[in-house]
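Worth knowing before you read on, the calculation uses all heavy atoms, side chains too, and leaves out hydrogens, waters and symmetry mates.
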Amino acid sequence: MNGDAGHDQAEEADSKQYGNADADPAEDANEQEVIVIQDTGFTVKIQAPGTEPFDLQVSPQEMVQEIHQVLMDREDTCHRTCFSLQLDGNVLDNFAELKSIEGLQEGSLLKVVEEPYTVREARIHVRHIRDLLKSLDPSDAYNGVDCNSLSFLSVFTDGDLGDTGKHKKKGNELEQIDCTPPEHILPGSKERPLVPLQPQNKDWKPMQCLKVLTMSGWNPPPGNRKMHGDLMYLYIVTVEDRHVSITASTRGFYLNQSTTYVFNPKPANPSILSHSLVELLSQISAAFKKNFTALQKKRVQRNPFERIATPFQVYSWTAPQIDHAMDCVRAEDAYTSRLGYEEHIPGQTRDWNEELQTTRELSRKNLPERLLRERAIFKVHSDFAGAATRGAMAVIDGNVMAINPGEETRMQMFIWNNIFFSLGFDVRDHYRELGGDAAAHAAPTNDLNGVRAYSAVDVEGLYTLGTVVVDYRGYRVTAQSIIPGILEREQEQSVIYGSIDFGKTVVSHPKYLELLEKTSRPLKVQHHAVLNEKDTSVELCSSVECKGIIGNDGRHYILDLLRTFPPDLNYLPVEGEELAPESQKLGFPCQHRHRLACLRQELIEAFVEHRYLLFMKMAALQLMQQKANKDKTAALHDTSTADAESESKPQALEASEKVPDGTPTSPTSSESTLTLDDAEAMTVSESSAPENQEAPADLKSAVPTANTSGTHEPSAAERQNGGCDSPLEGKEADENIPGLAQAKELAESLAAEDGSGIDPKSREMVLNACKAVGSISNTSFDIRFNPDIFSPGVRFPDDSTEDIQKQKQLLKDAAAFLVSFQAPSFVKDCLDHSSLPMDGATMTEALHQRGINMRYLGTVLEFVDNMPAKAQLEHIYRIGISELITRCAKHIFKTYLQGVELSALSAAVSHFLNCLLSSFPDAVAHLPADELVSRRKSRKRRNRVPGGGDNTAWASLTPSELWKNINSEAQSYYHSNLQCESVDQAVEKYGLQKITLLREISIKTGIQILIKEYNFDSRHKPAFTEEDILNIFPVVKHVNPKASDAFHFFQSGQAKVQQGFLKEGCELINEALNLFNNVYGAMHVEICACLRLLARLNYIMGDHPEALSNQQKAVLMSERVLGIEHPNTVQEYMHLALYCFANGQLSTALKLLYRARYLMLVVCGEDHPEMALLDSNIGLVLHGVMEYDLSLRFLENALANNSKYHGPRSLKVALSHHLVARVYESKAEFRSALQHEKEGYTIYKNQVGEAHEKTKESSEYLKYLTQQAVALQRTMNEIYKNGSNASIMPLKFTAPSMASVLEQLNIINGIIFIPLSQKDLENLKAEVQRRQLMQDSGKIEEQQGGQLELDDKLPVDD
């Protein structure tokens, strides 16, 4: 239990306490340094008033605060908040670590002592009681507050999966299982209901403990009562309808004699004083006592993962109608947040900037320090993101006073809770030359990407602002922490580096150059000079817009990082510049809305990676030629170079260790790719970059984690290192190019020293190779970009003309690389199913990983459309088109909403959705009812809400007009030709689903709709009414701080697993899980990935219950952190079903698979390659419980789907045929069984040959089926001939054994158990190590990728 749930002041004190420690740059991430963080725990006894003493397991690192949290959560002590813990009569300090407390040891007795209340403590107590009363109520999750979110797993597992005992019995008595799924889940069903998305959870039936608990109108106590110890008054109505008034005093709570209209603070008769409100209420209301106890029992039984807060708020796009109940705390929060007070510290606001920067300054010399630092950074970030979101909503809702109230609304700026807010409009024509409002809208996200990049590099002494970008009600709000002192000064005076007028006046500063120089290599930013207004040259190491300001705290801040990455020339037409032919062929350059289009960091990484490979090849080829010439001259000369090379080799290695930031000398790696140096540390190999670089991507096809179904599981590695599966012309990397190893050696020795030990010939080779790939250095490979090229208004000194030309060429090459390499590689990955997007978000993620911006969506769709194998990419095309349509609709919706006043918001949103999705041709908007329209219209009021006004222009939108706009938006923004005049035409033409479109547009714009069945296709009435729109949420973008050490372990674990060392891999991944928990708390996407992998390993190593428990956590976490119908959650449900089946919980396994299928139908429909896997799973389980007809429906659907997406000759299809044949055999329909098995046999024979064991197995099975068929025929003939007295041979109709079903399930889910004896295992390990050694010495270049030769064991293909 990490104390993250504690009040925020704890964390604050935390960060203040350690704030001044010096940090240390040498961040040695050595594996040796795994200091055991989990020091051995010990047990203490705890004695609370009125309860028996109980034992509690604690760890020496914990703070006393965390024991407080545990007590406030326990069923028997949860109603206490105001107490101290005492050891032998001494009060323990809340913020002390347990190990620092004298005399605290195994078996010590800690007493819980009630303390007197203060106003603050009384508030906290009432708040806590209210939280306990609401603990099962999902309304916070629906309303998107307090980091609550939904989870429905328990509905399908009937509580916890751990208690296998209960379920075991059910599992084996097959008769009890009702396997028939609801109609809409069956293959071929056309209805897509929405209501099952949120099944009824019986725990949520509210158990009412009180009717009303609220602050009394008599607050605050008058002076004379204050002096009697009154802190505040509460008003309560019990379930029995008794109205009481309660005094909270320093000594506790008691009833007073006040009524609604008469103030009488005297204690009521009989006077009861209780230290806890719960104890008092239990005495005056029997119903409260009964229900509160039952409620707490239920609360404690829930899985902790269902109730822990998530780090960032997750919003649900659907919700049922919830009753609005009185709630004192909610009311108070709403009131205080208007005043800019936040958190529970009345009157104090948090200094966000100080917190964000202090946590960065914490020391990071060793693992425990780094963990502490990363945890503090992560905690402050998630708090800041939450506060910034609330503030941005308050700003747009008109709840915050502007700091420049005299200006027009679009130009206003706001400060609330120490956060600065500005709107995404072009204020003072700042962006006039760059595209006005469109540029002003794009700049904040570019800036955020810059902040993300600089924080990832994490250079000591260089500070960025906390930045959050919030889109809400059609407005884009940027929230930033405030540099101390910036508000008192004019900007002109404070900027000492960079330019405030886009390059007309430029200044520089040596300290900034020194700091930015450190980021130059990882971010690939070139140090360059520009001219200022006086024509003098100024040195910069960033774009001109990047401003450096020294705050009053003496820290060096950089801001406006919107041009951290170089411009994208495909979308930036420049007079007199020709793009590369690859770009021109595709119709680039295109005119874009603004001139801020820049390349993504992932693209830059992939491009440099690609160039590095070219560089190595060039050098290798030259070496080969030189060698050929040399051989002719003399063998003598040769030996000397070899010596020179071998001498320089050790130095090269040393050099790579000396690089301070852990970057190996191959400059392809960068700070953000912690993956590479780790891969090197793991394999100690010197193999060339591409091989390391592909390691993480290959993990997906590694033996145990083999995800042969091709499920898209972005390993955390890929997520962090976008370039992870860049194609690198993948095949070429494996071609064994002679001389590559020497070339690498040569390049490294040149980088390592001045090159004196190398003959001029070699140096010349490297020089040629450098020139050819556009390296900025002549002696080593080093590509960097100048971000100011093509910036309007920036001028360069004359002496750098040649360099500028080089840079321009580099930019053109990078732009061409995107369209000629990355986009086709994405399509190729989709074709071979190594990337499997299921919805808009996962597609966006897949494109971003390859560095492709979403503005290229039209280009990517064109690639797909022109592929010969277009049919196998139909799912990608469909997802792409629906993404295109919803993104265009989102752009239009943004401006549409800006013209809507608050009172008409739900009417406007429902009207927009009707125009977008309803078949009803003349959707008419409902304007607010007349009686609400003010009679006194004549007097013009100045409207305070930005852009508001009595504006009803939105009501005139018609469906045909909206679709016309969507078409023109698709054309102008994505350069894609949609040609759809209505939603029905789009659905018809592209095979879309309206429910999917509704989900996509709601998630993108933050709309929350009522969960009910919508009739989209009615031509007589619109689908939505204003009552159906429940809420509109913000869409938030922020930085995600990473847990770097944990990530290292996770990857090392993956690498170990890939090499077949499962046990070691498992240990490393468990360690990673500990570290992740240490940094992120209990809930996070990366922890989810960790748990999934652990579960898979547990399963492979035969520990089914453990697999089940880990996977259950992964499902809950995925539901809570990513959303209940996120594609990742669908995957997790499938894995969980497999482990349930293996544990004998058949009915649960089926329920989970049906849930997964339903979610997938809503998210992407039936026609998707992943659906084949799901249907095979369902079919197999149904076969296992002898539901043959149902089973066939699913398996035949899977067969059709596999044939379509993998091609009719694929091994997947052969397997599908075999599965169908088995069910026909069980039904004794041998003819059909034979037919299918023959198909399968043919595929095996053609694909893997007669001798392969798969082919042999198939042929055996065919023989067996033939015998069975003959026997059956004989029996039938016998019956016809002899009538009823025929002597019938008993036929073998076999129900499949569970083991055989499980074996097939494992095969289709890509889990392969290799039947190995202990001896085989030893040999295998020895073999792997031997290869490893050979690779190190460079004997095996690249003919073998370190993969175990398991080809003949693999029954499935990808």
Side-chain angles (χ1 to χ4, degrees), residues 156-158 161 167-189 196 709 1130-1131 1133-1161 1166 1168 1170-1203 1212-1213 1215-1230 1232-1233 1236-1237 1240 1261 1265 1293-1311:
F156 301 97
T157 56
D158 300 331
L161 287 170
H167 295 279
K168 256 300 165 32
K169 282 198 212 57
K170 269 195 206 161
N172 298 339
E173 301 160 16
L174 298 178
E175 296 71 67
Q176 293 184 356
I177 306 179
D178 175 27
C179 305
T180 332
E183 198 56 41
H184 61 262
I185 290 178
L186 287 172
S189 162
S709 59
V1130 181
Q1131 302 275 326
Y1133 264 101
M1134 272 165 66
H1135 295 310
L1136 184 61
L1138 172 65
Y1139 307 152
C1140 273
F1141 186 89
N1143 264 323
Q1145 302 177 15
L1146 310 192
S1147 56
T1148 309
L1150 260 180
K1151 280 188 207 156
L1152 295 171
L1153 286 168
Y1154 287 154
R1155 171 69 172 170
R1157 191 171 208 274
Y1158 167 72
L1159 293 176
M1160 203 145 145
L1161 288 173
E1166 199 165 46
H1168 190 282
E1170 196 63 349
M1171 197 50 113
L1173 176 65
L1174 189 46
D1175 283 348
S1176 304
N1177 273 303
I1178 297 177
L1180 272 168
V1181 176
L1182 286 169
H1183 185 193
V1185 297
M1186 306 197 306
E1187 288 277 350
Y1188 302 135
D1189 293 335
L1190 258 183
S1191 169
L1192 274 176
R1193 287 186 70 170
F1194 285 101
L1195 287 175
E1196 288 181 329
N1197 195 50
L1199 173 61
N1201 201 327
N1202 273 331
S1203 308
K1212 269 206 165 58
V1213 177
L1215 185 59
S1216 267
H1217 276 300
H1218 175 64
L1219 298 179
V1220 173
R1222 287 177 37 145
V1223 182
Y1224 274 124
E1225 177 211 346
S1226 299
K1227 286 181 70 179
E1229 293 180 18
F1230 295 112
S1232 309
H1236 278 288
E1237 191 55 45
Y1261 186 54
L1265 284 176
F1293 287 115
T1294 47
S1297 72
M1298 285 303 145
S1300 74
V1301 173
L1302 187 57
E1303 183 191 1
Q1304 295 297 332
L1305 277 171
N1306 288 331
I1307 290 176
I1308 61 171
N1309 287 298
I1311 292 177

Calculate, to the nearest 0.5 Å, the distance between atoms [atom1] and [atom2] belonging to [X] and [Y] respectively.
X     : Y     : atom1 : atom2 : answer
F156  : L1153 : CZ    : CG    : 12.0 Å
L1152 : Y1133 : CG    : OH    : 7.0 Å
N1201 : E1170 : CG    : CD    : 10.0 Å
L186  : L1190 : CG    : CG    : 6.5 Å
N1202 : N1197 : CG    : CG    : 10.0 Å
M1134 : I1178 : CE    : CD1   : 9.0 Å

Would you check if [X] and [Y] make a side-chain contact, meaning some heavy-atom pair closer than 4.5 Å?
X     : Y     : value
F1194 : L1180 : no
I1308 : L1219 : yes
L1138 : I1311 : yes
K1151 : C1140 : no
L1199 : H1236 : yes

If the threshold is 4.0 Å, N to carboxylate O, is there a salt bridge linking R1193 and D1175? no
Considering only NZ, NE, NH1 and NH2 on the basic side and carboxylate oxygens on the acidic side, decide whether R1157 and E1166 come within less than 4.0 Å. yes
Ignoring hydrogens and geometry, is there a side-chain-to-backbone donor-acceptor pair from [X] to [Y] under 3.5 Å?
X     : Y     : result
Y1154 : C179  : yes
S189  : I185  : no
N1309 : L1305 : yes
S1191 : E1187 : no
S1300 : S1297 : yes

Using side chain to side chain contact (heavy atoms under 4.5 Å, CB included), reason through V1220 and L1192 one step at a time and then give a plain yes or no. CA-CA 7 Å; V1220 173; L1192 274 176; 3.9 Å; yes
Where is the tightest heavy-atom contact between A1198 and S1176, given as atom of each residue plus distance? CB-OG, 3.5 Å
Testing the 3.5 Å rule here: is there a donor-acceptor pair between the side chains of H1217 and E1237? no
Evaluation steps, side chain to side chain contact (heavy atoms under 4.5 Å, CB included), between R1222 and Q1304: CA-CA 11 Å; R1222 287 177 37 145; Q1304 295 297 332; 3.2 Å; yes
